[in-house]
Amino acid sequence: MLDHLIRRATVVDGTGGPAYPADVGIRGGRIVVIAEPGTVTEEAVTSEDADGLVLAPGFVDPHTHYDAQLFWDPYATPSMNHGVTTVAGGNCGFTLAPLHPDRPEDADYTRRMMSRVEGMALAALEEGVDWTWSTFREYLDALEGRIAVNAGFMVGHCALRRHVMGADAVGGQPTPAQLDAMLALFHDAMDAGAWGLSTTQSASHSDGDGEPVASRHARPEELLALSRAVGEHEGTQLEAIVAGCLDQFSDEEIDLLVDMTAAAGRPLNWNVLTIDAAVPERVPRQLIPSERARAAGGRIVALTMPILTPMNMSLGTFCALNLIPGWGEILALPVPERIERLRDPATRAEMLRRADSKEAGVFRRLANFGRYVIGDTYSAANEGLSGRVVNDIAAERGQDPFHCLVEICAADDLRTVLWPMPTDNDPDSWALRQRTWEHEDVMLGGSDAGAHLDRMCGAPYTTRFLGDCLRGRKLLPLPTAVRMLTDDPARLFGLRERGRIEEGFHADLVLFDPERIDAGPATLVHDLPGDSPRLDSKAIGIVSVRVNGVETLRDDKVTGAVPGTVLRSGRDTRTVSTA
């Protein structure tokens with residue numbers, strides 16, 4: 001007897017092939033029958049009519065930071081609401097394990113680092129996670145049996161360094177004995193099922209004390225030693241972030257990435273490729289590592305988002321504005337002093353100069369302050385400004401846009417929410433994206449879901465992208481779009497029997513209405529531990545999500561089931577050839 005039968009669905013199976021009508025039967029967490037509608041005679045415990053609906057493989061998000069959130073939110077919301085059934089965590093060099101058992105202060109350091117660098121609410125990290133593990137195996141075991149999605153995790157380089165070197169991990173270099181200990185610790189994590197190594201060399205990544213995170217101090221020989229260790233385990237990967245990921249790689253960064261993937265003999269992915277027709281030289285430059293890696297026996301894959309991710313800013317809390325050269329020291333001042341400095345014309349002029357300079361790189365996109373939309377406001381002086389564009393308000397007041405924006409924020413003690421309008425929402429940029437997505441070393445992803453919770457909302461990229469393909473710009477046919485969200489990332493990670501609707505595969509499935517599939521607007525909610533805020537977006541048109549055959553979501557409501565698996569390298573992943 002079947003556990004469940006989905007009748008008369010339009011199957012888009014993840015291969016990129018044409019859609020077809022079928023009945024799909026599930027038993028024991030697997031897809032056991034795919035047949036012409038009306039031909040399945042085996043009885044089923046439950047069944048549903050999916051006429052007019054699309055049945056696709058569950059979406060695979062290749063870049064998330066759900067490492068902490070899964071402890072208080074086993075449903076990985078809002079990703080699962082938007083059809084995601086498998087998430088890759090432990091990215092950018094940051095993981096919650098291993099933790100040194102004799103240094104309880106390391107957990108506090110990790111919490112403060114994650115709060116600063118990945119925008120996770122400190123109260124949520126303190127109240128929502130029990131922090132009882134030491135080894136990476138114990139961390140994975142703590143999640144097993146209590147999550148609704150499938151989840152695999154890289155080992156964060158910062159955690160390895162901190163465990164072995166203590167406070168010297170920031171600023172120091174490992175002795176030969178310490179490097180050996182780091183490698184032994186890494187092999188132990190890999191034996192437990194970690195997917196591989198993640199690391200960051202990005203200048204934008206600082207810890208809770210404002211210092212460069214531990215992995216930024218690693219020299220190439222340390223990174224290459226760890227990369228070689230990755231290659232000693234089955235079904236493993238590399239993920240790396242360098243400063244040039246935000247704009248354009250330096251020659252030294254290209255050399256490093258190529259050497260790492262070649263040393264490991266494993267794919268390396270990086271995040272995120274920004275595509276903008278106003279900077280036509282960026283994409284060719286960012287794909288040079290991929291070309292060189294293939295010649296060296298490796299593979300480098302660039303992640304890129306198929307949507308413009310909603311992102312809010314503030315002069316009162318840490319956000320992307322802090323990363324503009326010269327801005328961080330001003331925006332780190334106490335609020336009264338910060339307001340005084342921002343109101344100084346000379347200070348504003350210098351900030352604008354730095355924001356529009358070449359050294360600002362990709363953050364130059366944030367420098368057109370007249371195109372910001374005012375979000376939530378908190379004072380009587382700002383009543384009626386929410387939803388208005390700064391340019392219009394500035395014209396009414398006879399102020400330049402940045403001065404106007406500063407005065408609005410100052411009236412709210414810098415709590416005002418600011419929404420920058422994207423600069424790359426033009427036809428040429430979308431045409432460039434369409435062409436770039438076709439490249440064999442470009443993959444959709446980079447949501448950062450689980451991180452930057454009150455600043456950005458990338459998790460709904462799946463539904464928004466499909467809605468755009470079906471009813472919006474129609475840049476890609478539906479079968480191609482589904483393949484890019486399912487089979488492509490599943491194959492990059494070597495996931496065993498996932499990513500397609502095929503007999504014998506795990507029944508990770510999403511059923512949706514093609515006439516409605518979309519994502520709602522990003523809204524601020526307070527549902528994290530400690531009443532901390534995050535941005536959320538409702539899924540539209542998602543009828544059902546199944547993980548390992550069990551329904552986890554119906555009509556945007558979680559069912560309470562937790563059938564997800566902690567995906568472990570080797571057992572659940574196979575080695576992906578870089579040849």
Ignoring hydrogens and angles, tell me if any N or O in the side chain of Asp67 forms a donor-acceptor pair with the backbone of Gly90 under 3.5 Å.
yes

Show, in sequence, the C-alpha distance, side-chain angles and deciding distance for Asn91 and Asn271, and conclude whether the side chain to side chain contact (heavy atoms under 4.5 Å, CB included) test is met.
CA-CA 10 Å; Asn91 287 295; Asn271 181 51; over 6 Å; no

Looking only at heavy atoms, the pair that brings Arg496 and His506 closest together is O-CD2, 3.5 Å

Cys158 and Phe94 have their tightest heavy-atom pair at SG-CE2, 3.7 Å

Show me the pairs that pass ring-ring contact (aromatic ring centres under 6.0 Å, His included) and involve residues 442-473, at least two apart or across chains.
Trp437-Phe465

Looking only at heavy atoms, which two atoms of Leu492 and Val576 are closest? And how far apart?
O-CG2, 3.4 Å

Which pairs with one or both residues in residues 50-62 pass side-chain hydrogen bond (donor to acceptor under 3.5 Å, both in side chains), sequence neighbours excluded?
Asp61-Ser447

Considering all heavy atoms of both residues, which atom of Glu118 and which atom of Cys92 are nearest to each other, and what is their separation?
OE2-CB, 3.9 Å

Do you know the tightest heavy-atom contact between Trp133 and Ala142?
CE3-CB, 4.4 Å

Quick check: does any side chain N or O of Asp23 sit under 3.5 Å from a backbone N or O of Arg8, one acting as donor and the other as acceptor?
yes

Could you pull out all residues at least two apart from Trp430 that satisfy side-chain hydrogen bond (donor to acceptor under 3.5 Å, both in side chains)?
Asn425

Would you say Asp572's side chain and Arg568's backbone share a donor-acceptor pair under 3.5 angstrom?
yes

Show your reasoning for whether side chain to side chain contact (heavy atoms under 4.5 Å, CB included) applies to Leu226 and Met260.
CA-CA 9 Å; Leu226 287 164; Met260 287 176 66; over 6 Å; no

Determine, step by step, whether Val566 and Ile147 satisfy the side chain to side chain contact (heavy atoms under 4.5 Å, CB included) criterion, reporting the C-alpha distance in whole Å, the side-chain angles of both residues, the deciding distance to 0.1 Å, and the verdict.
CA-CA 8 Å; Val566 175; Ile147 55 177; 4.0 Å; yes

Residues Ile501 and Tyr20: closest non-hydrogen pair is O-OH, 4.5 Å

Test side chain to side chain contact (heavy atoms under 4.5 Å, CB included) on Ile31 and Leu509; report intermediate values, then the result.
CA-CA 10 Å; Ile31 299 166; Leu509 301 167; 4.1 Å; yes

May I have the step-by-step check of side-chain hydrogen bond (donor to acceptor under 3.5 Å, both in side chains) for Ser544 and Glu551, ending in yes or no?
CA-CA 7 Å; Ser544 174; Glu551 189 169 62; 2.6 Å; yes

His187 vs His233 aromatic rings, parallel, tilted or perpendicular, using cut-offs 30° and 60°?
tilted

